[in-house]
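Here is the naming used below: chain letters follow the sequence lines, and residue numbers restart at 1 for every chain.
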Amino acid sequence: MVDFALLHRSALTGAKTGAFGATSTGSRIALAALAEGHVLHLLAAHGNDDLQSLVSQIGDGGPYAVRAYGPGQWFVVGDAALSAADFSGKAALLANKASIADQSHGRVRIGISGASVEAVLAKGTAVDLDRASFAIGHSAMTLIGHISALITRTGVESFEVMVLRGFAESLWDDLIQMSLEFGVDAKTAD
Amino acid sequence: MASLITCSHCGPRPKEEFTVKGDAAIARPAADASEDAWYAYVYLRDNPRGRHKEYWHHTSGCRRWLVVERDTVTHAIYAVADAAAQGETA
Ligand SMILES: [Zn+2]
């Protein structure tokens, strides 16, 4: 017998949703809680930094599934949950060349988009977000305010921000606050 | 934002993303070195004015250890390199 039933729920269940800030229509920000499918953390073994082609096989084939953020360090993300067999299949591919850790319940992805999305994120990070230096598909691990986050550009006017689960709602509230001057529509999963 | 350090892997980042890990110029003594040599290695540090090499850990970025050469008076940054590039760490 357990004293409490374990409740499976998304990290952003209960986060605030709706329209906030300016009522402008031209440059509104859209904030979306993304699917909590899978997040895998890959770390290359010493001397194996150049594993890009092998690591790309760990992804689900989605365009930004594999996110490099430092020498020999990647996150692999996807919308579908992985079974234990899926996971051990991927781990076997990496053999002794890299370690893999399932972070699916540990990190949460937030989508943020809109014409002024760079101006919003620039309030929290010093990373140069201009498309000339931050191309579509590029990722950067950085701080947004005091919260550590992995930023990935997924389009001309769209980014994903991945954050530790316990910080997700706090970052969500911060992103709404940072977007107020443009107006923001925040939507979690139904 | 405040002082920028150009990480070898991540590009220019504010110092808030880093953790200072101390003097990078000191050398580890041989295992059988004298007690004085070990005492100096573990505890004694200079407080230099001017150019200084330090370990900086890019805690909130790539998590690599860097060697940053900077001026303790002007905060000018002269050079940044991955600490492993020098063969000092594994
Ligand atoms: Zn870095």
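Nearest heavy-atom pair across B:C62 and A:G70 is CB-CA, 3.9 Å. The nearest pair of heavy atoms linking A:Q73 to B:R63 is OE1-CB, 4.2 Å.
The 12-atom threshold is not exceeded at CZ of B:R49, counting heavy atoms of other residues, nucleotides or ligands nearer than 6.0 Å. The 12-atom threshold is not exceeded at CG of A:N96, counting heavy atoms of other residues, nucleotides or ligands nearer than 6.0 Å.
Here the options are A:T125, A:D128, A:T142, the test is side chain to side chain contact (heavy atoms under 4.5 Å, CB included), and the partner is B:R13; only A:T142 passes.
Both A:V127 and A:V163 are members of a single hydrophobic cluster when ILVMFWY side chains are connected at heavy-atom separations under 4.5 Å. A:Y69 and A:V161 fall into different hydrophobic clusters, defined by Ile, Leu, Val, Met, Phe, Trp and Tyr side-chain heavy atoms under 4.5 Å apart, directly or through other members.
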